[in-house]
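Just so you know, these numbers use all the heavy atoms, side chains as well, and skip hydrogens, waters and symmetry mates. Computed from a predicted structure; not experimentally measured. Along the sequence shown, the residues carry numbers beginning at 1.
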Amino acid sequence: MQRRNLLKMAVSAGATAPLWRSLASGLPMSWILGDRNPAFAAEGPKQFLIVSLSQGGDPLNANTPGTYGVQDVYHNPNPEMAETPVALGGKMTTAAKPWSTLPEWARQRAVFFHHRTYTNAHPNFFKVLNLFGAAKSTRGSGGEMLPSLMASEVATDLKTVQAEPLVLANTGARLTFAGRVLAPSSPSSLVQILGGAPPGIAKDLEALRQKDLAAIKAELDGRGTPAQKEFLDRHALSFTQLKDVRDKIGSLLADGAAWTNDALGQVNAAVTMVQLKLSPVIVVSIPFGGDNHTDPGLVKEAAQTVSGVDAITNLMTRLEATGLKDQVTFATCHVFGRTLSKQRDGNGRNHNQNHHTTLMIGKGLKGGVVGGLVKMGSDFGADGFDSSTGAVNPTGDVRATETLESMAKTLGKALGIADAVLETRIRGGKAVPAALA
């Protein structure tokens with residue numbers, strides 16, 4: 001079944017749709033659909049991932065912590081981008097002013113990871129997401145894109161409706177899952193799908209709960225195993241918990257009005273998709289200046305850095321308000337970064353395959369800066385570093401040529417994926433203890 005059809009089945013088929021029954025009972029979709037296997041529940045806690053992707057090669061890297069205090073690096077000259085002290089994980093650094101506006105709790109968990117992407121060509125974004133062949137699918141066979149690799153490793157534990165990522169934006173890359181292309185579903189289209197939920201669904205949840213739990217209990221009383229019965233007792237919602245779900249359903253359906261297709265609308269929709277447990281990985285695209293070869297005075301870069309950080313701040317605020325800040329990790333990844341020297345007289349930036357900054361924010365991360373810069377000809381690139389401290393070291397245990405893979409393994413570790421699995425599915429590099437909580 002294609003992903004879009006599954007979504008339609010889940011959220012618009014009426015009061016008996018499996019999604020609503022799952023929400024009413026507290027049991028995973030697999031149980032509602034007849035699978036009584038409780039084994040997956042034994043795994044440790046995993047994180048949802050909301051990831052912002054862009055094939056544009058935005059200049060996010062040009063004004064982040066870790067690029068200041070380096071001679072000849074050219075930062076955005078606009079007043080709203082002034083160099084400003086920023087506290088990350090209890091340590092002080094400096095960055096463009098917008099980064100200082102992230103919520104304090106988010107900055108405690110924000111890692112700015114300096115690495116290379118090994119390409120300066122836009123069409124190679126799919127190769128970057130595949131870590132140039134280092135990311136493997138199904139325990140080592142074939143290639144896999146990073147969002148899909150992460151989704152496949154956390155979906156079972158998170159008990160999501162679907163295992164594949166949910167794409168809310170056109171990122172410029174043809175994202176795939178197990179070889180299948182994932183078509184984007186814009187926030188505005190999801191509003192229409194969710195709008196198909198029947199009136200009074202919140203009231204109907206109680207009847208759905210009673211019917212499903214009675215049927216499953218009768219089945220398990222006849223031929224269920226102790227593990228299945230224990231799983232039912234542990235996961236079935238009480239009447240008190242069901243009231244909380246009813247309240248949440250009402251707010252979720254009302255939330256649809258804020259689901260525009262811009263960055264703010266995408267993050268609003270992403271939070272709701274996590275609340276509904278529709279997918280383990282939600283893909284959005286938050287602009288940070290785009291492909292800014294021609295940007296007189298770097299005005300667009302400044303404006304979209306401000307709006308981009310605002311969108312991330314909105315995401316963090318909504319995660320906190322919905323009680324999800326400890327369950328969701330956020331990350332960014334672009335095809336490459338931009339030049340850091342004063343090329344084009346400050347009227348734009350060129351492609352830079354040697355420097356990119358990935359931002360990660362999550363419970364499993366310890367705020368700070370990993371890696372940094374080294375002079376490369378007339379520009380700068382990401383240098384190697386020591387994984388134990390994150391400090392730049394050209395002869396450290398993470399070399400510059402394996403920084404992309406190390407970023408990916410660090411993100412996977414922050415999502416709760418086991419070291420042994422990461423070693424099997426990502427060749428090369430290493431998870432960085434300095435970035436992990």
| message | Would you say N61 and R338 are linked by a side-chain donor-acceptor pair, where the criterion is simply a distance under 3.5 Å? | response | no
Could you check whether [X] pairs with [Y] (Lys NZ or Arg NE/NH1/NH2 to Asp/Glu carboxylate O, under 4.0 Å)?
{"X": "R180", "Y": "E164", "result": "yes"}
{"X": "E423", "Y": "K430", "result": "no"}
{"X": "R399", "Y": "D383", "result": "no"}
{"X": "D419", "Y": "K409", "result": "no"}
{"X": "D295", "Y": "R349", "result": "no"}
{"X": "E144", "Y": "K136", "result": "no"}

| Hey, mind stepping through E153 and R425 against side-chain contact (heavy atoms from CB on, under 4.5 Å) and telling me if it holds? | CA-CA 10 Å; E153 291 298 338; R425 300 206 62 181; 2.8 Å; yes
| request: Specify whether F112 and W99 have parallel, tilted or perpendicular ring planes, treating 30° as the upper limit for parallel and 60° as the lower limit for perpendicular. | output: perpendicular
| Plane angle bin for H122 and H351 - parallel if under 30°, tilted between 30 and 60°, otherwise perpendicular | perpendicular
Is a donor on one side and an acceptor on the other found under 3.5 Å between the side chain of [X] and the backbone of [Y]?
{"X": "H75", "Y": "E83", "answer": "no"}
{"X": "N393", "Y": "T395", "answer": "yes"}
{"X": "D58", "Y": "F288", "answer": "yes"}
{"X": "S52", "Y": "T332", "answer": "no"}
{"X": "D397", "Y": "S387", "answer": "yes"}
{"X": "T339", "Y": "S341", "answer": "no"}
{"X": "S100", "Y": "A96", "answer": "no"}
{"X": "Y68", "Y": "T84", "answer": "no"}

Identify the two heavy atoms, one from [X] and one from [Y], that lie closest to each other, and give their separation to 0.1 Å.
{"X": "G56", "Y": "V335", "answer": "C-CG1, 4.4 Å"}
{"X": "N78", "Y": "G297", "answer": "ND2-O, 3.0 Å"}
{"X": "G66", "Y": "V369", "answer": "CA-CG1, 4.0 Å"}
{"X": "K366", "Y": "P433", "answer": "NZ-O, 4.4 Å"}

| task | Could you check F113 against F385 for ring pair (Phe, Tyr, Trp, His ring centres under 6.0 Å), going step by step and ending with a plain yes or no? | result | CA-CA 11 Å; F113 199 117; F385 56 84; 5.7 Å; yes
| field | side-chain contact (heavy atoms from CB on, under 4.5 Å) assessment of Y74 paired with T67 | value | CA-CA 9 Å; Y74 184 69; T67 63; over 6 Å; no
| task | Count the heavy atoms belonging to other residues, nucleotides or ligands that lie under 6.0 Å from NZ of K325, then report whether that count exceeds 12. | result | yes
| message | If you count heavy atoms of other groups shown closer than 6.0 angstrom to NZ of K363, is the number above 12? | response | no
| From V128, T403, N354, residue fulfilling side-chain contact (heavy atoms from CB on, under 4.5 Å) relative to Y118 | T403
| said: Could you check whether any side-chain heavy atom of H355 comes within less than 4.5 Å of a side-chain heavy atom of T117, counting everything from C-beta outward? | reply: no
| query | Does a side-chain heavy-atom distance below 4.5 Å link T101 with V309? | reply | yes
